[in-house]
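For reference, the structure is listed below as structure tokens.
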There are 2 protein chains.
Amino acid sequence: MRILVVDDELDIREFVQYNLLKEGYEVACATNGREAVERAVEFRPHLILMDMMMPEMDGREACRALRANPATSKMMIVFLSAVCEEESLVECYEAGADDYITKPVSMKVLCSRVGAICKRIASGEREVFPKSSRLNEEQHSFVADSGEEVRLAVKEFEILRLLHSENRIFTREEIFNAVWGQGVVVGSRTLDVHIRHLRTKIGDNHISTYKGVGFRYEE
Amino acid sequence: MRILVVDDELDIREFVQYNLLKEGYEVACATNGREAVERAVEFRPHLILMDMMMPEMDGREACRALRANPATSKMMIVFLSAVCEEESLVECYEAGADDYITKPVSMKVLCSRVGAICKRIASGEREVFPKSSRLNEEQHSFVADSGEEVRLAVKEFEILRLLHSENRIFTREEIFNAVWGQGVVVGSRTLDVHIRHLRTKIGDNHISTYKGVGFRYEE
DNA sequence: CATCGACTACAAGTATTCGCATAGGAATTT
DNA sequence: AAATTCCTATGCGAATACTTGTAGTCGATG
């Protein structure tokens, strides 16, 4: 799990970085908002811990900039600031922050909150990175991240559309209801065959099966 | 993938051009809005990276001019500007910009965003160039890109007009409704016959069928 | 380690959809 | 009126998409 620490004060950066590293996180730093935006693109952090008041570009602006770019728009952004006035809190949320931690804060508290956030990310409750592949609704095709396009048959497309729509496991029953409709009954093997066709067309690593539960689209 | 870089400052032009060339893009430059409009016609770029403030003709005006000309109206236009005020951002979008990047920006960030845009273009999600073939309403004829003209029957013309109008798959039902009208019912094979006639007249590679979905005009 | 349930692979069968040839009748032109 | 072009219908073969059966694999569980 990668975390980007953004603060203009060296002491705080190093303190936070040291403790997060000890907890097993991968950590990168930036000293102002502008740097943060750049590093976010190249480092691809799951979580950004950012100070509010910084030179060059402050937290609010940086937050808006991050939300505006598709590559970074879904990352967790948590403000870590000494300013604990109501106003700035509201401002943060308006700028698109996910959470807010007031300074000073003990490492124990910080780590526990960071841990909670990371658990949410790991569980898939919150998607942090945008999918690089897309479905082309108008052409009934799948566009891989490499850019190449594959034409899909109707059933294949409908199954993939469902799986692709949300970042979670879909049960077999859900898939049958969504693709074939409630009343229709087809053999259970049918779905397996379509899944296999999809895998050969779009690559084996995209659809993973959860035995006894269902299927899920990944990457 | 061709990119047109428009900026009045030589340093920035060369910096951006050098880095985009290194990434494998074909790059051309212009130093103001007027030049940009001219070069866009002859260079036929997929993407135009344009500064906001320039002498002679500024970004907004150039953008509007590009949108007004059918030959350039669908190109991706992205502003690259130091002015990060809300107002100018809104102005850009009003002028018809597709995206907005604030300067200064690292090459890494720029490349990643340019890459994302190019992927969208490559996937066909966005059509950048107008179709080279066109329909002649008065003559009820089809003019191929080679210039030769084919006369079409009424039904043929109406079907082709529909397919030609948008870059997507049209279902059989849509075609029936558009060409014959809602109430009228004709045999399902009838459409196939007309499609075959069209294909023999305008070439086999233009209309592709999506089994179970519909037909689509291409190229 | 045996068993069971659930998934996969392969192969074959069934159903649907499409392309094409052909043909008769309507509309238009000569 | 005759000739030509255009529209629609129909039937069948071919191609594609979908479903099912059988057999085999995998992993968890007692």
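All chains are named by letter (A, B, ...) in the order of the sequence lines, taking the proteins before the strands, and each is independently numbered beginning at 1.
- Here Trp180(A) reaches the OP1 or OP2 of dT19(D): one of its side-chain N or O atoms lies under 4.0 Å away.
- Note on Glu218(A) versus Arg216(A): salt bridge recorded, some NZ/NE/NH1/NH2 to OD/OE distance being below 4.0 Å.
- Remark: Arg172(A) engages Asp192(A) in a salt bridge, criterion side-chain N to carboxylate O under 4.0 Å.
- For Lys155(A), the listed nucleotide lying nearest its side chain is dT19(D); candidates were dT19(D), dA21(C), dC18(C).
- Nearest to the side chain of Thr190(A), among dG19(C), dT19(D), dC6(D), sits dT19(D).
- Taking atom CD1 on Ile195(B) and atom C1' on dA21(C), their separation rounds to 17 Å, with Å as the unit.
- Picking from dC20(C), dC7(D), dG21(D) the nucleotide with the shortest atom distance to the side chain of Arg189(A) gives dG21(D).
- With hydrogens and angles left out, the side chain of Lys211(B) and the base of dT17(C) share a donor-acceptor pair within 3.5 Å.
- Salt bridge absent: Asp145(B) and Lys131(B) never bring a charged side-chain N and a carboxylate O closer than 4.0 Å.
- Rounded to whole Å, the distance from CG on Asp192(B) to P on dG11(D) is 15 Å.
- Going from atom CG of Asp204(A) over to atom C1' of dT8(C) covers 12 Å, rounded to whole Å.
- Look at Ser188(A) and you won't find any side-chain N or O under 4.0 angstrom from OP1 or OP2 of dA6(C).
- Residue-level contact check: Val154(B) touches the backbone only, with heavy atoms under 4.0 Å from sugar-phosphate atoms and none from bases.
- Listed nucleotides: dC7(D), dT8(C), dC10(C). Nearest to the side chain of Arg199(A): dT8(C).
- Separating the CZ atom of Phe176(B) from the P atom of dC7(D) is a distance of 14 Å, rounded to the nearest angstrom.
- Distance NE2 (His197(A)) to C1' (dT19(D)): 11 Å, rounded to an integer number of Å.
- Rounded to whole Å, the distance from CZ on Phe170(B) to P on dC18(C) is 16 Å.
- Residue Arg151(A) is classed as having no contact, given no heavy-atom separation below 4.0 Å to the nucleic acid.
- Candidate nucleotides dC7(D), dT19(D), dT8(D) were compared by shortest atom distance to the side chain of His194(A), and dT19(D) ranks first.
- DNA chain C is contacted by both Arg196(B) and Gly214(B); Gly214(B) maps to the nucleotide lying nearer its 5′ end (nearest heavy atom per residue).
- Between Val185(B) and Leu152(B), it is Leu152(B) whose nearest contact on DNA chain D lies nearer the 5' terminus.
- With respect to the salt-bridge test (charged N to carboxylate O, under 4.0 angstrom), the residues Arg60(A) and Glu94(A) do not qualify.
- Rounded to an integer number of Å, the gap from Leu198(A) CG to dT8(C) C1' is 15 Å.
- Distance, Phe215(B) CZ to dT17(C) P: 12 Å, rounded to whole Å.
- A distance-only check finds a donor-acceptor pair linking the side chain of Arg67(A) to the backbone of Gly96(A) [under 3.5 Å].
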